Each structure stands twice: as structure tokens, then as C-alpha cells.
**Q** 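Below are the C-alpha cells for one structure; questions will follow.
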There are 2 protein chains.
Amino acid sequence: MTTIRDVAAAAGVSRATAARVLANPEMVAEATRARVMKSVEELGYTRNSVAASLRTTRTGRIIVTVPDISNPFFSRVIRGVEEAAQKAGYAVLLGDTRNEREREEQYAEMLNRREADGIIFLGHRLPTTLARLLDRDGARAPIVNGCEFTPSLGVSSAHIDNAGAAHEVMRTLYEMGHRDIALITGPDDSPLTRDRLIGARKAAEDRGAERPIVESGDFTIESGRRAGMSLLTRDRPPTAIFCFSDEMAIGALAAARSAGIACPHTISIVGFDDIQMARYVDPPLATVRQPMAEIGRRTVELLLDILNDRQDTPVSATLPHQLVVRESLGPGPHLVASNT
Amino acid sequence: MTTIRDVAAAAGVSRATAARVLANPEMVAEATRARVMKSVEELGYTRNSVAASLRTTRTGRIIVTVPDISNPFFSRVIRGVEEAAQKAGYAVLLGDTRNEREREEQYAEMLNRREADGIIFLGHRLPTTLARLLDRDGARAPIVNGCEFTPSLGVSSAHIDNAGAAHEVMRTLYEMGHRDIALITGPDDSPLTRDRLIGARKAAEDRGAERPIVESGDFTIESGRRAGMSLLTRDRPPTAIFCFSDEMAIGALAAARSAGIACPHTISIVGFDDIQMARYVDPPLATVRQPMAEIGRRTVELLLDILNDRQDTPVSATLPHQLVVRESLGPGPHLVASNT
DNA sequence: TTGTATGCGTTATCAT
DNA sequence: ATGATAACGCATACAA
């Protein structure tokens, strides 16, 4: 491989000068610069980023861990991450953790080995390696979370107002005449589930309504189908189901179809995320739109702020969500009564 | 940061010995080893991978570029890649190229800068940087393709028999009594489109049937919807549409629904890939199953073979596909006639 | 079994 | 404006 040495030799200058042409061209005389550039071209020189990193202690990489890259919500977030990172000159090291703690730790360890400058973790578990780092460096540790926010972690995060969004959905369901409402949540230990649950229950309370029935899922289609089936075969089934992910809602939709229960006529279904598929299923799915790419971009910005010493206290970036009403949401049995 | 020097000093041995404990423990005396390990623990030492890479010229990373990570087909392939890479001790640098040549080149350049040991590109365009490398090192260049195979490139690749699969779909459609068949293909310049087109036309020829009508899309839902709409509003619409991706098929399904055309009664629709959503749409989508994760894993194996000098001639790995018949595929108008 | 010494290719400091 | 030179932290050939 050709090194800066070769270039310098070919151009008849010192290594220092050759290096300067590449790093600070304006510091070098026009003629010398041209000569060096010519050698660079001729020899096909490209900088060895490993050597550069050793010297500068910067890798130009960020790690991003995600519970499941094949989940359409996360893949959109990742797209935002990649876009922002690439624009800022960073490369993305992708870690699919499959929700396994061990894999989360493995990727966190990479930060210690200096394989990357920082880490963005999507998901709710803070690997112990990162906790240690956080302990030592506080808010200056290059760690950012996406989607789930737990203030006590002391980590910057980009997310929506999950409690608020869930509250809105429930209020809308009540206004449309629904009283028997069920929830299909995410895993019980996730702050995201917790926040939405808080918002949903608060709405019931505000309304003086019964507490919603709760089934928990894991955000997958299949878990939505199962939970949906279980809800729809109850003695007194709900008239509306609010799912904490679109994929689960699509599963619930499939459950209703196979049980011969019409949506939205007999059962209304609302999802969460507004993945692309939401508008193409039958009936089109009402949902809460999350700005997925923007969440991804924002986590990168938060991380860059830390890396560039522009931030020394954790930031909680709340991005706007939007309730998207589509045909899967119809009036409930109490609509008239509640309107008069 | 604590380095191997600190560890050596703390343990009262030379740097070499300390380093050996970590790399070749069996070469070091039991007692010394224990002493060194103790220092490692106490000081919280972790190897600086950048320095190690500079010395060994191995990064332990592979680059994977993908046209669109939010495409469910690719995200599954990537999952397979990540899994296999991680298992082999490699990390994955993800590049979402958005089908833009410039971005493809950018990621290819990273190989030159030694930011990774090899590259897997999903998509059909070979960046010029890689072409140059291939020119120089032939089959020993650490470059592998996934999904699309063009023998002339001289690159190892993992994929299915696209022509064969398309042939099978068409044959099945004919056998079920369809005569007016339309195709919604991918981009015209992709070998994948070309191969499937070849297979489909061959099937028509073998059958002595008319050439299928062709609309081209770009694998997205929206392009499928558009193409589907255009096909369904023809003077003499087809009775079956074979789409080169499930997402386009789902778009076509939506088009049929909005046009009031019943599937499968009036129009049969077949997709390609068997993404998870295929079985949950209404009606469930008939399709060709591709072993997505396996394709991903296999590309990694092919790359590792090159990196470990186990392979010096390009390999074309053809993985098995499977026609999956579901309700979106029904009998055509000529079923009885053709059977008697 | 352990230690000494060198170099990987940069970047950056300090002279000139 | 340019050059000489010293790290960065590790791995390893060679010597002891």
C-alpha cells in the first residue's frame, strides 16, 4: 500500500509537507501543493484511517444498537441515524441486539475498545458497561438513547411524548362513543409501555371511565394477533383496541378477520408509529404518527453535541407526534348518547 | 486511558509478557498470567482496537451497503449478515445508499481507507472503486454481492434462482387457467429484474402463450399501487399480476381494492420475497419465499472465505426458494377449458 | 518462559 | 513555507 511517505518521496518533499497538503492545503505554497497532489493522484494514495485514528483518538464511527432491525419502526429510525451520521462524516456500526442483554453488552464494550466515538442505543436497557462510563463521565459520556426516555438514567434522548399521545388516543376513543377499551401494550419492563400506560389510564380517570383492559405483547405482529384473539373471544369483548405498535395492530386486525368480527363496524383498532404499511392494510389503520427518521437524526445530533463539547447536561428532546385517523377507527355504541 | 504499559508495570512484567497473556495465554507461566490478569482487572484495562488494527492490518469490520434499509426484504437480509458477522467476531458498518451511486462510491471508498476488511454490497451497481480493486486483485478482493448475480462481474454472490422462480410462478398461473398475465418488475437496469423477466417470458414461450404485459416499478408499495392501477384500468385488464416484490404486490392489492376489483375473484396477485407482512394482508399474499436471513449469512461466509484465503475464484451460491400459495391466487377463466 | 526492540502510518510540535 | 522528529498503543521477531 502506498503511504504518505511514498507520496512525499515522489513529490520530493518531506512527509510533513505532504501530510499538510491533505490536512491544511492553505498552509502550503501553490506549487508544492500541486506537486504533492499530482503524486497523490499518480500513486492512488488514500489515507490509512486506522493510523489516523490512533494519532487523533477519533474513529469517525458511532455504534447504534437496535432490538430488531427488521422491525419497520426501527429500520426507519436507523435510516434517519445513518443519514445524519453520514452527513456529519460519521459511519454507523449497526448492532442488532435481538433484545438480548448479552449482545447489548457486547456492543457497549466496543466503545471501551475505542472502536467508535459514541453509542446510540434504541431500547430501554442501559448496558452495565455504559452505566459505568456514565458514572465516571456523567453527561459527557458519549451515550444517547432513542425512543425511550428515563430521566433517572442521565442520558440524552430523543422521543415523543408517549403519555400524551396515548392520552389523546383514549380521549378520541371515548369521544367516538367507545367505553370498553382494551390495550395491547409492549413488554412490561419498558418505559415506553409504562409511559403510554400512564397516559391511557389517566385518560380513563379524567373521563371517569373504567380502567382499560390490558394485554401485553412484544410489538410483533404475531403477539398482536394472539392478544387480539384473546380479547375478541372474551365474554364481553371490547369495542376498541389500542395497540402500542402498528405491527401488533395489524396482527389484531388479522385476528378480527379470522374471528369474523368486522372492523371498524364491530371493533375499532388503533395502532402506534404510522409505519408505511399502516395505510395499505384493509381497513387502513388509524395510528399515532411518530417522526421516525427525525428521531434518528436527532439522536445523532445529541451525540455530536456531546462529542463536540457543546453539551454537558442531558437533554430530553421531545418531538411532535400526530394522531392519524383512518378507517379502522369507527364510532362506538355510545356515540349518540354521549353527544346529547 | 490505561494501556498495556500500565498493566505491565502494575504486574511487574514487560509489555510483551502482558500482551502475551491477552493474546496467547498458554505461552505464559501460570503464576505470571494470574498476576497480569489481576492487574488487568484492577486497572479496568481494555485493548485499544485502533492500535491493534494498525499493527495487524485487520479491522474486524465489514461494510454492508443496502439500497434501502427500511425495505423489509433488505432488513431481513441485513439481520442475517449481522448475525453471521457478529458470530465470526466482525462488526457491521451499515451503509444505506438510497440507490444513489455517489453514496455507493462513498462506502466503497471506506475500504480503501482501511476502515473495514471487506464489503458486501446488496444491489446491482458495482462502484468504480470496487471495480478497480477487482481489477487489481481479482477474486481475492474482499468483495461480495448479495441477491443479484452477474457472472461477468467476477464477484462471489449469494442469491436464489430468480429466472427459475419466475418461471415457476408463471407456469402455476397458466395451470390455474390464467392467460392474460401482467408483470410488475423492478428497475429495468437490475439483473434481478432481467433474470426474472427472462424466466417469466420463457414460461410464456414454453406454453405458447402471449408475452406478458410489463409495467416497471421500483419495489416500493407506492410504485406497485401505481402500476397496478394502470394495469387494472386497461381496456382488457389482466386476470393475474405477478409482482417482483411483496411490497409492490401489496400496493397492487390496494389498487384493486380502491378500484372495486375483487382479489382473487377477478384478479389474482402474486408477490415475491415472502416478507412477514405477506401472510397478514387481506387476502393473504401468494409469493415466492426467499431465504432472506440465509442469503445474508451466506454473503458473510463467502466474504470470510476470501478474507481467510480459502477461496480464490468467485462463487455463485444459489439458495433454495419456494412458491407459497395463499388466497390472493385463485383460478383464472380458462381453468376448466385447459383441464379437459 | 520472559524481555528488548522495532515498526505499523499518521498527526502534530517545534525548529528552521 | 517547509522539514525533522516524536508520539499514539499494540504485536511480534528475536534475543536471552
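Since this is a predicted model, take the numbers as computed values, not measurements. A note on names: the letters A, B, ... follow the listed sequences, proteins ahead of strands, and every chain is numbered from 1.
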**Q** Figure out the CD1/P separation between A:Ile4 and C:dG9, and round it to whole Å.
**A** 12 Å
**Q** Which one, C:dT10, C:dT13, C:dG3, comes nearest to the side chain of A:Ala51?
**A** C:dT10
**Q** Could you check how far CE of A:Met27 sits from C1' of C:dA15, rounded to whole Å?
**A**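 Between C1' of C:dA15 and CE of A:Met27: 13 Å.
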**Q** Whole-Å distance between D:dG9 P and A:Glu115 CD?
**A**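 That distance rounds to 16 Å.
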**Q** I want to check something: taking the side chain as every heavy atom from C-beta on, are A:Leu111 and A:Thr129 in contact at a cut-off of under 4.5 Å?
**A** no
**Q** Regarding A:Leu54, tell me which of base, sugar-phosphate or nothing describes its non-hydrogen contacts under 4.0 Å with the strands shown.
**A**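 If one applies the 4.0 Å heavy-atom cut-off, A:Leu54 turns out to touch a base.
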**Q** Between D:dG9 and A:Arg114, counting only base atoms on the nucleotide and side-chain atoms on the residue, is there a donor-acceptor pair under 3.5 Å?
**A**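 Result: no qualifying N/O pair found.
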**Q** State whether a side-chain donor-acceptor pair under 3.5 Å links A:Ser157 with A:Glu148.
**A**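 Distance-only check fails for A:Ser157 and A:Glu148.
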**Q** Which one, D:dC10, C:dT2, C:dT10, comes nearest to the side chain of B:Arg15?
**A**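 From the listed options, D:dC10 comes nearest.
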**Q** Rounded to whole Å, how long is the line connecting atom CG of B:Leu43 with atom C1' of D:dG9?
**A** 15 Å
**Q** Can you work out whether A:Leu22 or B:Ala29 has the more 5'-proximal nearest nucleotide on DNA chain C?
**A**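 It is B:Ala29, whose closest nucleotide lies nearer the 5' terminus.
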**Q** Remember a base hit wins even if backbone is also touched, and classify B:Arg47 as base, sugar-phosphate or nothing at under 4.0 Å, heavy atoms.
**A**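 The residue B:Arg47 makes sugar-phosphate contact but no base contact.
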**Q** Measure from CZ on B:Arg5 to P on C:dT4 and round the result to the nearest Å.
**A** 12 Å
**Q** I need the minimum non-hydrogen distance between B:Arg61 and B:Tyr90, along with the two atoms involved.
**A** N-CD2, 3.7 Å
**Q** Heavy atoms from C-beta onward define the side chain here; which of D:dG3, C:dT2, D:dG9 lies closest to that of A:Ser14?
**A**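 Among the listed nucleotides, the one closest to the side chain of A:Ser14 is D:dG3.
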**Q** In terms of the nearest nucleotide of DNA chain D, which residue is placed more toward the 5' end: A:Glu30 or A:Thr57?
**A**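 It is A:Glu30, whose closest nucleotide lies nearer the 5' terminus.
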**Q** Against A:Val40, only a single residue in A:Thr2, A:Val7, A:Thr46 fulfils side chain to side chain contact (heavy atoms under 4.5 Å, CB included); can you say which?
**A** A:Val7
**Q** May I ask you to say what B:Val50 touches in the nucleic acid, namely base, sugar-phosphate or nothing, with a heavy-atom cut-off under 4.0 Å?
**A**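 Answer is nothing: B:Val50 stays at 4.0 Å or more from every strand.
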**Q** Considering every strand and a 4.0 Å limit on heavy-atom distances, what is the contact class for A:Val13: base, sugar-phosphate, or nothing?
**A**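 Here A:Val13 touches the backbone only, sparing every base.
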**Q** May I have the distance from B:Arg20 (atom CZ) to D:dT12 (atom P), rounded to whole angstrom?
**A**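 B:Arg20 atom CZ is separated from D:dT12 atom P by 11 Å.
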**Q** How would you label the contact of B:Ala16 with the nucleic acid (heavy atoms, under 4.0 Å): base, sugar-phosphate, or nothing?
**A**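 Since a base atom lies under 4.0 Å of B:Ala16, the category is base.
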**Q** Measure CG/B:Asn24 against C1'/D:dC10 and give the value in whole Å, please.
**A** 14 Å
**Q** Report yes if some heavy atom in the side chain of B:Asp117 is under 4.5 Å from a heavy atom in the side chain of B:Pro142; otherwise report no.
**A**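 A side-chain contact is absent here, since even the closest heavy-atom pair is not under 4.5 Å.
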**Q** Touch check for A:Thr32, heavy atoms < 4.0 angstrom, all strands: base, sugar-phosphate only, or nothing?
**A**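 The residue A:Thr32 makes sugar-phosphate contact but no base contact.
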**Q** Between B:Asn48 (CG) and D:dC8 (C1'), how many Å, whole number?
**A**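 The distance from CG of B:Asn48 to C1' of D:dC8 comes to 8 Å, rounded to the nearest Å.
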